[in-house]
Structure formats: structure tokens, C-alpha cells
Amino acid sequence: MDLIKIAEEAFATGKQHPSFKAGDTVTVAYRIVEGNKERVQQYRGVVIKISGHGEKKRFTVRKMSGTIGVERIFPLESPAIDSITVNKIGKVRRAKLYYLRKLTGKKARIQEKRTSNA
């Protein structure tokens, strides 16, 4: 069992990401390797769920590409993730937002949580 923990620590990136929850709109800068070239792609969408714990934590981001909904699962400790920025903090009452898959257009929008500048 210790070997697994040692291997996880060896591959851990140690990057600090901002805290976010389901319902937040995030932009994930993801490094993509194409042949011998490498580029950073921005993936912006709503966090539908966060699952797992520790190094195995992963989150699902859903975005609309035209009229088609696209979901992508990112491991939080992935070395391919360049940065995560939180664009909006959503006002939701549940942890898994699977109901967004059925909704389209303005119904699929999540209300933004207003924060006071005290």
C-alpha cells in the first residue's frame, strides 16, 4: 500500500488551484500536445460535479458548443492543467447539477451569487 502513496506523491503537481464548487463558471487552461508542438487551450464552462478525494479528485465542466452540450472531466492534480480561473460563482442548492443536461437556452443559466465588497 505504501508504494501506491509514494507513486502518487511522485506524480503530484503541487499546484495551488482556487477553490470552486458545483455551479461555478470556470476557465481551465489545458495543455495539449499535437505532434511535437504544444499549446494551451481554454475550456470555459459550468462545473457540474466534483467527485473523488485527495489526489484522485476530479471535476466535470460542461460548456455549450453551438447547440450541443460538451462535458469534459479534468483530474484536479493533472500536470496538463496550466491554470484554473473562477469566472462566476453560481447560486445553486445541490452538489451534482445533472438537471442542466435537460435544459437549453436561458433556462440552463445559473444565477450568479452576489458578493458584498465590505
Side-chain angles (χ1 to χ4, degrees):
M1 276 307 223
D2 278 348
L3 288 172
I4 295 168
K5 281 201 167 64
I6 291 165
E8 283 177 352
E9 286 169 11
F11 286 105
T13 55
K15 282 184 187 167
Q16 291 295 316
H17 296 300
S19 62
F20 55 89
K21 304 187 303 294
D24 295 356
T25 305
V26 296
T27 305
V28 182
Y30 203 70
R31 235 181 280 112
I32 291 174
V33 178
E34 290 172 337
N36 56 357
K37 286 186 287 190
E38 191 180 279
R39 64 186 177 87
V40 175
Q41 184 176 356
Q42 306 283 336
Y43 191 93
R44 182 178 176 169
V46 178
V47 177
I48 284 191
K49 69 171 179 174
I50 299 172
S51 56
H53 58 87
E55 274 88 56
K56 296 181 188 75
K57 197 175 247 188
R58 56 211 174 275
F59 59 101
T60 305
V61 181
R62 179 180 174 86
K63 76 168 185 178
M64 292 305 288
S65 181
T67 56
I68 298 161
V70 181
E71 289 180 16
R72 183 150 183 198
I73 301 165
F74 295 101
L76 198 61
E77 287 291 316
S78 170
I81 291 180
D82 215 42
S83 65
I84 301 171
T85 48
V86 179
N87 302 100
K88 278 190 216 162
I89 297 170
K91 188 178 171 190
V92 291
R93 293 170 68 171
R94 55 192 70 233
K96 309 275 195 274
L97 308 178
Y98 297 132
Y99 65 88
L100 286 177
R101 292 172 178 166
K102 295 188 200 85
L103 304 178
T104 55
K106 288 187 179 177
K107 288 189 187 81
R109 283 197 301 197
I110 291 175
Q111 202 174 0
E112 190 176 353
K113 189 179 275 186
R114 295 278 176 220
T115 54
S116 61
N117 299 357

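The hydrophobic clustering, which links ILVMFWY residues whose side-chain heavy atoms are closer than 4.5 Å, places Val86 and Val46 apart. Under the 4.5 Å side-chain heavy-atom criterion for ILVMFWY residues, no single connected hydrophobic cluster contains both Leu103 and Val61.
With sequence neighbours excluded, no residue forms a salt bridge (charged side-chain N to carboxylate O under 4.0 Å, His left out) with Arg94. Take Arg101 and apply the salt bridge (charged side-chain N to carboxylate O under 4.0 Å, His left out) test, not counting sequence neighbours, and it matches Glu71.
Annotation: the span from Gln41 atom CD to Glu34 atom CD amounts to 8.5 Å, rounded to 0.5 Å. One finds the CE atom of Met64 at 15.0 Å from the CZ atom of Arg44 (value rounded to the nearest 0.5 Å). Interatomic distance, OG of Ser65 versus CD1 of Ile68, reported as 6.5 Å (0.5 Å rounding). The structure places CD1 of Ile50 at 13.0 Å from CZ of Phe74, a figure rounded to the nearest 0.5 Å. Considering CD of Glu77 and NZ of Lys57, their distance stands at 10.0 Å, rounded to 0.5 Å. Interatomic distance, CZ of Phe20 versus CD1 of Ile84, reported as 4.5 Å (0.5 Å rounding).
A distance-only check finds no donor-acceptor pair linking the side chain of Arg62 to the backbone of Thr60 [under 3.5 Å].
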When the side chains of residues 22-33 are checked against the rest of the protein, which donor-acceptor pairs come out under 3.5 Å, sequence neighbours left out?
{"unit_1": "Asp24", "atom_1": "OD1", "unit_2": "Gly90", "atom_2": "N", "d": "3.1"}
{"unit_1": "Asp24", "atom_1": "OD2", "unit_2": "Lys21", "atom_2": "N", "d": "3.0"}
{"unit_1": "Thr27", "atom_1": "OG1", "unit_2": "Asn87", "atom_2": "OD1", "d": "2.6"}
{"unit_1": "Arg31", "atom_1": "NE", "unit_2": "Asp82", "atom_2": "OD1", "d": "3.4"}
{"unit_1": "Arg31", "atom_1": "NH1", "unit_2": "Pro79", "atom_2": "O", "d": "3.0"}
{"unit_1": "Arg31", "atom_1": "NH2", "unit_2": "Asp82", "atom_2": "OD1", "d": "2.9"}

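Minimum interatomic distance between Phe59 and Val47 (heavy atoms only, all atoms of both residues): CB-CG1, 4.5 Å.
Within the 4.5 Å cutoff, side-chain heavy atoms of Ile110 are placed close to those of Leu100.
Other residues, nucleotides and ligands place more than 12 heavy atoms under 6.0 Å from the NZ atom of Lys96. Glu38 CD: more than 12 foreign heavy atoms inside a 6.0 Å radius.
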